[in-house]
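Below you'll find the structure, written out as structure tokens, and then a few comments.
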Amino acid sequence: MGTIAENVRSILSGIPENVDVVAVAKGHTAPEIREAVEAGIRCIGENYLQEARTVIPEVGSRVKWHFTGHVQKNKVKLIVPLFDLIQTLDSYELAVMIDEHARKHGKLMPVLVEVNSGKEPQKSGVMPRDVAALIEKIHALEHISVQGLMTMGPFLDDPEKLRPYFRATKTLFDEIAGMVIPGVEMRHLSMGMSDSYRIAIEEGATMVRIGTKLFGPRGYPR
Ligand SMILES: *Cc1c(COP(=O)(O)O)cnc(C)c1O
């Protein structure tokens, strides 16, 4: 691995221009994030509110901040004003809470719906067959704007094995885009991480979330 700046340049030069790279910075410091931004990163992902509250004021708002962790209901109040996009919406109940806090801040909160593409009962995310109905229901909420889908896929030893899950999520994305639900703009399909982003892009990702390959190893597991 090179420096953070070298990693950023090598990743950005190796992917199509229309694919957004979200640098997932959990476990990394503000100076590390700043190095990535100076090398061309425009979106930063944070998984933990406490960490985000430290680094966001230090790095500033010249970049977009995405919440990429599991949203705990008691943290919604603080997540909504701090972030530009929440990638992990996974229930109607949560949507109602996000909408309520966004209204208080006079904000339209962009979200992605997290899809449990592996259909694993213990995992977060909405089961694929429930996604369209959830989005139709959310569209009535005035302060939340659904802008696409996000998926992790199962943890597998070989990233190539994720391809069918990415493909199925892309099919679902196209189906929902084809439904033309008012107020719903299917513009982001967020899938692929350090080991799998190339495969995800081949399968139609418009946004990839990369941590380790940009910043190096973290002090704790994902
Ligand atoms: C940590 C994390 C990533 C980045 O993972 P790497 O394997 O380090 O690239 C991407 N997406 C989510 C939701 C994460 O929590």
Side-chain angles (χ1 to χ4, degrees), residues 1-4 6-12 14-15 19-29 32-33 35-37 39-52 55-56 63-72 75 79 82-91 94 110-118 120 122-126 147-163 165-166 169-170 173 188-222:
M1 283 198 72
T3 65
I4 292 170
E6 285 165 358
N7 297 341
V8 169
R9 285 188 216 106
S10 109
I11 287 175
L12 291 180
I15 65 168
V19 173
D20 296 317
V21 175
V22 179
V24 180
K26 57 176 186 266
H28 296 285
T29 62
E32 290 174 293
I33 297 170
E35 185 178 343
V37 173
I41 286 295
R42 295 288 162 262
C43 303
I44 310 291
E46 285 289 347
N47 285 45
Y48 304 106
L49 181 63
Q50 279 319 313
E51 256 189 76
V55 297
I56 292 178
V63 286
K64 297 286 183 197
W65 293 90
H66 293 193
F67 192 78
T68 47
H70 180 66
V71 184
Q72 291 173 271
K75 304 277 169 67
I79 290 172
L82 201 55
F83 285 87
D84 300 294
L85 175 72
I86 296 172
Q87 292 214 7
T88 47
L89 178 83
D90 66 356
S91 74
L94 186 58
V111 301
L112 306 183
V113 172
E114 182 177 356
V115 183
N116 184 348
S117 56
E120 299 166 285
Q122 75 284 9
K123 279 263 183 84
S124 56
V126 181
Q147 302 205 335
L149 304 180
M150 177 274 214
T151 199
M152 302 270 286
F155 293 125
L156 299 167
D157 51 8
D158 174 6
E160 187 58 44
K161 292 183 184 158
L162 282 164
R163 192 182 289 280
Y165 301 96
F166 291 155
T169 307
K170 163 69 170 158
F173 179 87
H188 304 301
L189 179 54
S190 171
M191 47 188 202
M193 316 200 296
S194 289
D195 291 339
S196 57
Y197 73 91
R198 289 171 199 282
I199 292 164
I201 291 169
E202 286 168 14
E203 296 301 333
T206 67
M207 185 177 272
V208 293
R209 308 177 310 271
I210 305 180
T212 313
K213 244 201 155 135
L214 281 175
F215 293 110
R218 322 175 255 280
Y220 51 79
R222 64 191 181 199

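Counting starts at 1 for both ligands and their atoms, in listed order. For the single chain, residues carry numbers from 1 onward in sequence order. Basis for what follows: all heavy atoms, side chains included, without hydrogens, waters or symmetry-related copies.
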Tell me which one of L149, V115, V113, T151 satisfies side chain to side chain contact (heavy atoms under 4.5 Å, CB included) with F173.
L149
T212 versus ligand 1: do any nitrogen or oxygen atoms come within less than 3.5 Å of each other?
yes
Sidechain N-carboxylate O distance under 4.0 Å for E160, R163
yes
Proximity flag R218 to ligand 1, non-hydrogen atoms under 4.0 Å:
yes
Just say parallel, tilted or perpendicular for the rings of F215 and H28, cut-offs at 30° and 60°.
parallel
Pull out every atom of ligand 1 sitting under 4.0 Å from any heavy atom of K26, numbered as shown with elements.
1 (C), 2 (C), 3 (C), 14 (C), 15 (O)
4.5 Å side-chain heavy-atom contact, Q87 and R209
yes
Measure from the side-chain N and O atoms of T88 to the backbone N and O of G69, and report whether any donor-acceptor pair falls under 3.5 Å.
yes
Short version for N47: what comes under 4.0 Å of ligand 1, heavy atoms counted, is side chain
Any idea which atoms of ligand 1 are less than 4.0 Å away from a heavy-atom of M152?
12 (C), 13 (C)
Using a 3.5 Å distance criterion without hydrogens, assess whether the side chain of T206 forms a donor-acceptor pair with backbone atoms of L189.
yes
For I210, the atoms of ligand 1 under 4.0 Å from one of its heavy atoms are 9 (O)
For T68, the ligand 1 atoms with a heavy-atom partner under 4.0 Å come out as 13 (C)
